[in-house]
S.K.: 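There's a structure below that I have some questions on.
Each chain gets a letter, A, B and so on, in the order the sequences are listed, and its residues count up from 1.
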Number of protein chains: 2
Amino acid sequence: MQEITGLELSPKKVEYLKFLYKKGGMVRTTDISSQLKVDPSTSTKTIGELAHAGYVEHIPYRGVRLTEEGHAYAEFLVNRHNILSLMLSHYGLSAEGACQEVSRFESFVSRSAIETICGSMGHPTVGVCGEIRHTLCGIP
Amino acid sequence: MQEITGLELSPKKVEYLKFLYKKGGMVRTTDISSQLKVDPSTSTKTIGELAHAGYVEHIPYRGVRLTEEGHAYAEFLVNRHNILSLMLSHYGLSAEGACQEVSRFESFVSRSAIETICGSMGHPTVGVCGEIRHTLCGIP
DNA sequence: ATCTGATTTGGAGTGTATCCAAACAATTTG
DNA sequence: CAAATTGTTTGGATACACTCCAAATCAGAT
């Protein structure tokens, strides 16, 4: 997880991390499965993979929580989402439209592109989809 | 292929169609495989799927060509690429950077979003990545 | 008519994502 | 505290996109 390109996770896994980040603290796997509309067994499996990769800590039958790295990474993921949504809203998409649209492709947009876009926007702190934090993002 | 959402093809298949469109006319499967850097057997298989879906016509051992629908669809794909590249270039990305970046996520951006973005830009005809044709795109 | 190079077919493998049924743990209830 | 209930995990199977390799096949040239 050294060099963050922003492309390390699949779309689904990005959803998991963003959800965990927004929920905060310890989260039950069934909360995840009902939120992401998948079978509980699916969320358990995916969480296992995220745990293996170091993004989350999973205490079986108890819940899941972001690791320190996972939290920092998820913060980037949420920022990326918000920056891209803000960008699309500048081109006539509604807040919800932009948010939905971005959800489909965000996981394929690199961290370096986000940094460039964010810089060009003057590092906004308010998006159409949520606040934008400039702590980790790597954005000065 | 009635209702075009822009999301009907996987990233790889989008690459195939864009390549076919740019090349024009009859194209050999080995041209495709060398361009997309995959084994010839892979391109043959993928072309088979695109043919099955009606985007291309494949004459075995002879070559591949876009169908009428495939051509119209590929035109949309190329326009989408060019519009998105142009958009990113407005946020500080270089022409090549934008092009590369867009190549990774373009296949997940809907036609309706593209129409909105394109309209908001005033239907530009010149991108950073190639011309933008407004014939089919559905863009008035 | 045969040889050569291009192309296709068949088979197998990878990675991600999914669900179902069965096993299991924790918590609640009697 | 034991039993029943609820929530969670495991194991197994499937699907889909994409890949390559080896073997068969075809088209064109010698």
S.K.: Which nucleotide, D:dA27, C:dA17, C:dA26, lies nearest any side-chain atom of A:Arg62?
M.R.: C:dA26

S.K.: May I have the distance from B:Leu7 (atom CG) to D:dA17 (atom P), rounded to whole angstrom?
M.R.: 14 Å

S.K.: Between D:dA17 atom C1' and B:Lys12 atom NZ, what is the distance in whole Å?
M.R.: 11 Å

S.K.: Between A:Glu57 and A:Arg65, does any side-chain N to carboxylate O distance fall below 4.0 Å?
M.R.: yes

S.K.: Without hydrogens or angle criteria, can the side chains of A:Tyr55 and A:Glu69 be said to hold a donor-acceptor pair below 3.5 Å?
M.R.: no

S.K.: Between A:Leu36 (CG) and C:dC19 (P), how many Å, whole number?
M.R.: 11 Å

S.K.: Hey, what's the ring geometry for B:Tyr21 with B:His71, parallel, tilted or perpendicular (30° and 60° as the breaks)?
M.R.: tilted

S.K.: Could you check whether the side chain of A:Ser41 and the base of C:dC20 have a donor-acceptor pair of N or O atoms closer than 3.5 Å, going by distance alone?
M.R.: yes

S.K.: A:Glu8 CD to C:dT16 P: how many Å, rounded?
M.R.: 13 Å

S.K.: Which nucleotide in the list D:dT19, D:dT9, C:dC20 gets nearest to the side chain of A:Asp39?
M.R.: C:dC20

S.K.: Got a donor-acceptor pair under 3.5 Å from the side chain of B:Lys45 to the base of C:dG11?
M.R.: yes

S.K.: Using OP1 and OP2 only, check whether a side-chain N or O of A:Ser10 sits under 4.0 Å from C:dA17.
M.R.: yes

S.K.: Rounded to the nearest Å, what distance is computed from the CG atom of residue A:Leu50 to the C1' atom of nucleotide C:dT16?
M.R.: 12 Å

S.K.: Measure the distance from CG on B:Leu9 to C1' on D:dC18 and round it to the nearest whole Å.
M.R.: 15 Å

S.K.: Taking the side chain of A:Arg28 as heavy atoms from C-beta outward, which of C:dT8, D:dG7, D:dT9 is closest to it?
M.R.: D:dG7

S.K.: In whole Å, what is the span from the OH atom of B:Tyr61 to the P atom of C:dT4?
M.R.: 19 Å

S.K.: Need one value for A:Pro40: base, sugar-phosphate or nothing, where a base atom within 4.0 Å counts as base even if backbone is also close, heavy atoms only.
M.R.: base

S.K.: Short question: side chain of A:Ser85, backbone of A:Asn82 - any donor-acceptor pair under 3.5 Å?
M.R.: no

S.K.: To the nearest angstrom, how far is A:His58 atom NE2 from D:dT10 atom C1'?
M.R.: 12 Å

S.K.: Nearest to the A:Thr42 side chain among D:dT19, D:dG7, C:dT18, which nucleotide is it?
M.R.: C:dT18

S.K.: When you measure from the side-chain N and O atoms of B:Thr29 to the phosphate of C:dT8, is any distance below 4.0 Å, counting only OP1 and OP2?
M.R.: yes

S.K.: Can you confirm whether the side chains of B:Ser110 and A:Glu101 place a donor and an acceptor under 3.5 Å from each other?
M.R.: yes

